[in-house]
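All residue numbers in this chain count up from 1 along the given sequence. Side chains included, hydrogens not; waters and symmetry mates left out as well; all remaining heavy atoms used.
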Amino acid sequence: MRDLRIPIRIVFYREDNRWMAHCLEFDLLGDGTTREQALECLSGAIVAQIATSIEHNNPANLFSPAEGKYFQMFAEGKSPRAEGDLSFHLQVPSAPHVVIEEPEFREYDNSDLAFA
């Protein structure tokens, strides 16, 4: 069986006093007081989404892209400072042939958010 390789993009932004990590391909969020905490929370959500989709033989549930405004935020974002500090390792025991590629991270400065 060939591996299913999934490239993903993640945009970080602030909402109130919390960091949000938003995966564009799955439209899933993680939040935390730091980007690292938000990314850790998001990682768990992605693993659960993949595992549940496979367990219930529901590949249509696997991908659900985010709204266009988040893709725009990603496009306008910059590589996060200290990107090397962000680690993203996913293993889905029930899906050994699903490979999540190293994500592309962007940080959107929403201090003058036009979407609010």
Side-chain angles (χ1 to χ4, degrees):
M1 173 181 253
R2 296 178 71 190
D3 288 345
L4 171 61
R5 304 188 73 74
I6 303 173
I8 60 174
R9 292 166 285 180
I10 296 171
V11 62
F12 292 100
Y13 55 93
R14 306 264 316 174
E15 202 167 273
D16 296 322
N17 290 325
R18 299 190 61 80
W19 279 103
M20 307 303 282
H22 197 147
C23 176
L24 303 180
E25 284 68 29
F26 293 102
D27 195 22
L28 293 173
L29 290 170
D31 74 317
T33 56
T34 65
R35 287 181 308 168
E36 293 78 11
Q37 287 177 347
L39 186 58
E40 185 177 325
C41 183
L42 175 62
S43 298
I46 292 172
V47 168
Q49 181 76 10
I50 292 170
T52 301
S53 295
I54 290 171
E55 178 183 335
H56 295 284
N57 195 24
N58 187 0
N61 192 45
L62 194 54
F63 296 105
S64 176
E67 291 180 39
K69 69 181 183 180
Y70 298 105
F71 283 88
Q72 184 175 349
M73 289 167 65
F74 182 87
E76 293 175 4
K78 297 181 177 25
S79 292
R81 296 176 299 283
E83 185 174 334
D85 294 340
L86 298 171
S87 61
F88 189 83
H89 304 287
L90 288 183
Q91 288 188 321
V92 184
S94 62
H97 296 289
V98 174
V99 177
I100 303 292
E101 296 181 353
E102 189 64 31
E104 184 177 352
F105 299 112
R106 297 278 178 89
E107 185 176 313
Y108 181 77
D109 179 4
N110 56 351
S111 59
D112 56 355
L113 189 61
F115 302 115

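Atom CD of Q72 is separated from atom CD of E67 by 12.0 Å, given to the nearest 0.5 angstrom.
The two residues A66 and F71 have their closest heavy-atom pair at O-CE1, 3.3 Å. Residues A45 and L28 approach most closely at O-CD1, 3.6 Å, considering heavy atoms. Contact detail for R14 and T33: the closest heavy-atom pair is NH1-O, 4.4 Å. Taking every heavy atom of both residues into account, G77 and R106 meet most closely at O-CD, 3.7 Å. Across all non-hydrogen atoms, the minimal contact from F74 to L24 is CB-CD1, 3.6 Å.
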message: Set out, in order, the CA-CA distance, both residues' side-chain angles and the distance that settles side chain to side chain contact (heavy atoms under 4.5 Å, CB included) for I8 and F26, then state yes or no.
response: CA-CA 8 Å; I8 60 174; F26 293 102; 3.8 Å; yes

- request: Report the C-alpha distance between L42 and I10 in whole Å, list the side-chain angles of each, state the deciding distance to 0.1 Å, and finish with yes or no for side chain to side chain contact (heavy atoms under 4.5 Å, CB included).
  value: CA-CA 10 Å; L42 175 62; I10 296 171; 3.8 Å; yes

query: Which is it for T34 and L39 under the side chain to side chain contact (heavy atoms under 4.5 Å, CB included) test, yes or no, and what are the steps along the way?
result: CA-CA 9 Å; T34 65; L39 186 58; over 6 Å; no

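Residue pairs meeting the salt bridge (charged side-chain N to carboxylate O under 4.0 Å, His left out) criterion with at least one partner in residues 19-28, sequence neighbours excluded, are R9-E25.
With I54 as the partner, the side chain to side chain contact (heavy atoms under 4.5 Å, CB included) test is satisfied by one option alone out of T52, N57, N58, I50: I50. Of the residues R35, M20, E107, the one that meets the side chain to side chain contact (heavy atoms under 4.5 Å, CB included) test with Y13 is M20.
No close placement of the F12 and Y108 rings is indicated, their centers lying 6.0 Å or farther apart.
Atom CD of E40 is surrounded by 12 or fewer heavy atoms from other residues, nucleotides or ligands within 6.0 Å.
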